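Written below as structure tokens is the structure these notes are about.
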Amino acid sequence: MTGPEFILLRPLWLIGLPLALAAGVLMARRADGIAAWRAVVDADLLDAMRGRGWVTAPRVGADPWLLAIALALICAGLAGPASRDSQAPVLRNTNTLMILLDLSPSVTEGGGFDDAQAALARLVDLEGDRPTGLIVYAGESFLASVPAEDPGVVRGLIAVADSATMPVGGSRPDRALIMARGALQDAGAMAPDVVIVSDGGGMGPEAVDIARQMAAERVRVSAIFVPQDAAPYGMPAADPGTLAAVAEAGGGRMIEATELSALDTLLPDRRDPQRDAPDLRALQYRDLGPWLAALALVPLALLFRRRQT
């Protein structure tokens with residue numbers, strides 16, 4: 001069991017706490033009751049008069065410290081101490097993950113497709129709290145699933161994908177990247193990831209250029225390389241170098257499908273910049289500042305108490 005989470009919504013107001021204390025000290029030093037005498041009487045003469053009892057300084061009250069306490073309470077309240085609000089609205093996760101699965105014959109018939117499916121199932125489990133979508137491609141691209149909160153949707157589609165899924169052959173990853181770019185824009189994704197699962201077929205300057213453009217738009221492009229046991233008859237051999245170039249241009253990195261342990265670090269966490277906006281953060285917390293600032297009324301009220309003569 002953990003305690004309540006507290007934060008400060010406006011921490012810069014804490015600067016006022018030492019200033020309030022300094023103001024209290026300064027006022028207490030000046031409120032010695034004979035400030036008016038000091039302004040018109042020589043200091044030596046005033047000391048002599050006080051020594052003879054002709055001038056008696058009144059007792060210094062607590063007024064300076066009451067005012068300092070009130071100022072400190074107001075500053076503390078303006079700093080915005082807040083606790084997590086259990087009734088706060090749940091913000092939609094915009095850190096979308098889009099998977100681009102190459103279903104060209106060189107991938108599905110090259111002997112490493114089972115490893116690719118296992119790697120993707122593991123990746124979806126690791127990123128299960130993110131909306132995840134799936135695009136399958138060969139010579140053409142198809143949006144198999146829009147980004148969904150339920151990872152089981154994409155996991156099921158990946159499990160049934162095979163060599164008969166695509167109606168056309170070939171490999172055009174550039175078209176898949178363009179489709180992913182549009183789908184992420186439609187989804188309003190703010191810090192998305194794109195993961196290409198391929199043997200490197202069809203990766204050319206077009207794909208590298210699109211990945212570079214996506215990186216400039218805060219879309220990180222990473223890759224999972226699917227190795228071949230042997231190149232299918234009439235198909236090109238796997239080319240990890242071209243796939244790595246696309247991942248590098250997209251600001252990500254590449255791992256092999258057989259390296260399941262490397263999946264844990266393939267997509268380092270990135271904060272959605274809008275989730276840190278003060279207005280959105282305030283929605284998640286109950287601001288206790290007004291109540292703390294209201295306590296300043298107590299010392300302020302004591303400043304207006306009736307004086308006894």
Side-chain angles (χ1 to χ4, degrees), residues 96-128 130-187 189 192-204 206-207 210-211 214 219-228 231-232 235-236 238-240 242-243 246-247 250 252 254-257 263 266-267:
T96 306
L97 170 63
M98 184 66 72
I99 297 172
L100 277 53
L101 178 57
D102 186 354
L103 293 180
S104 61
S106 63
V107 174
T108 58
E109 300 173 11
F113 190 61
D114 290 342
D115 292 331
Q117 289 175 307
L120 283 179
R122 170 67 175 165
L123 179 65
V124 171
D125 288 339
L126 289 173
E127 306 292 331
R130 303 175 65 176
T132 304
L134 176 65
I135 291 175
V136 294
Y137 75 92
E140 296 292 340
S141 301
F142 299 89
L143 181 61
S145 173
V146 297
E149 299 284 350
D150 182 7
V153 175
V154 173
R155 191 185 301 111
L157 292 172
I158 292 171
V160 299
D162 56 23
S163 58
T165 300
M166 300 300 292
V168 295
S171 183
R172 291 295 303 271
D174 55 321
R175 294 180 178 178
L177 285 168
I178 292 174
M179 179 175 286
R181 187 181 187 181
L184 291 173
Q185 290 174 348
D186 293 342
D193 279 291
V194 171
V195 177
I196 307 175
V197 185
S198 173
D199 62 352
M203 301 289 170
E206 297 87 355
I210 296 170
M214 295 174 72
V219 180
R220 181 172 55 189
V221 181
S222 305
I224 298 177
F225 173 67
V226 184
Q228 295 176 341
M235 295 292 152
D239 188 355
T242 56
L243 183 59
V246 171
M254 185 190 77
I255 64 170
E256 285 198 12
L263 289 169
L266 177 63
L267 303 177

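All values below come from the heavy atoms of this structure, side chains included, with hydrogens, waters and symmetry mates left out. The shown structure was predicted, so the numbers you read here are calculated from the model rather than taken from an experiment.
In this structure, the separation between CZ on Arg181 and CG on Asp186 is 12.5 Å, given to the nearest 0.5 Å. We find the OG-CD1 distance between Ser141 and Ile178 to be 8.5 Å, quoted to the nearest 0.5 Å. The distance from atom CG of Leu266 to atom CG of Leu126, rounded to the nearest 0.5 Å, is 9.5 Å. Of the inter-residue distances, the one linking Leu157 atom CG with Ser145 atom OG reads 6.0 Å to the nearest 0.5 angstrom. In this structure, Arg175 CZ and Glu206 CD are separated by 10.5 Å, a value rounded to the nearest 0.5 Å.
In this structure, Pro240 and Met254 approach most closely via the heavy-atom pair O-SD, 3.7 Å. The two residues Met166 and Leu103 come nearest to each other via the heavy atoms CG-CB, 3.5 Å. Heavy atoms only, all atoms of each residue included: Ile135 and Ala176 are closest at CD1-O, 4.0 Å. The minimum heavy-atom distance between Asp174 and Ala207, with the atom names listed, is CB-N, 4.0 Å.
Looking at heavy atoms from C-beta onward, Ile255 lies in side-chain contact with Leu263 at the 4.5 angstrom threshold. Contact annotation: the side chain of Met203 approaches that of Ile196 to within less than 4.5 Å [non-hydrogen atoms, C-beta and beyond]. A heavy-atom distance below 4.5 Å is found between the side chains of Pro167 and Phe142. The side-chain heavy atoms of Met98 and Pro147, taken from C-beta on, include a pair separated by under 4.5 Å. Val194 places a side-chain heavy atom less than 4.5 Å from the side chain of Leu184. Side-chain contact check for Arg130 versus Asp193: some heavy-atom pair is nearer than 4.5 Å. Two residues are said to be in side-chain contact when any heavy atoms from C-beta on lie closer than 4.5 Å; Asp115 and Val226 fail this criterion. Residues Pro173 and Leu100 have side chains not in contact (no heavy-atom distance under 4.5 Å, counting atoms from C-beta outward).
Each of Val136, Leu134, Val197 was checked for a side-chain contact (heavy atoms from CB on, under 4.5 Å) with Ile158, and the lone residue meeting it is Leu134.
The backbone N or O of Gly110 lies less than 3.5 Å from no partner atom in the side chain of Gln228, so there is not a single donor-acceptor pair. Under the 3.5 Å distance criterion, the side-chain polar atoms of Arg172 are left unmatched by any main-chain donor or acceptor of Tyr137. Between the side chain of Thr96 and the backbone N or O of Pro192, no donor-acceptor pair lies under 3.5 Å.
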Full working for side-chain contact (heavy atoms from CB on, under 4.5 Å) between Leu267 and Val195 = CA-CA 9 Å; Leu267 303 177; Val195 177; 4.1 Å; yes

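Within 6.0 Å of the CZ atom in Arg122, the count of heavy atoms belonging to other residues, nucleotides or ligands does not exceed 12.
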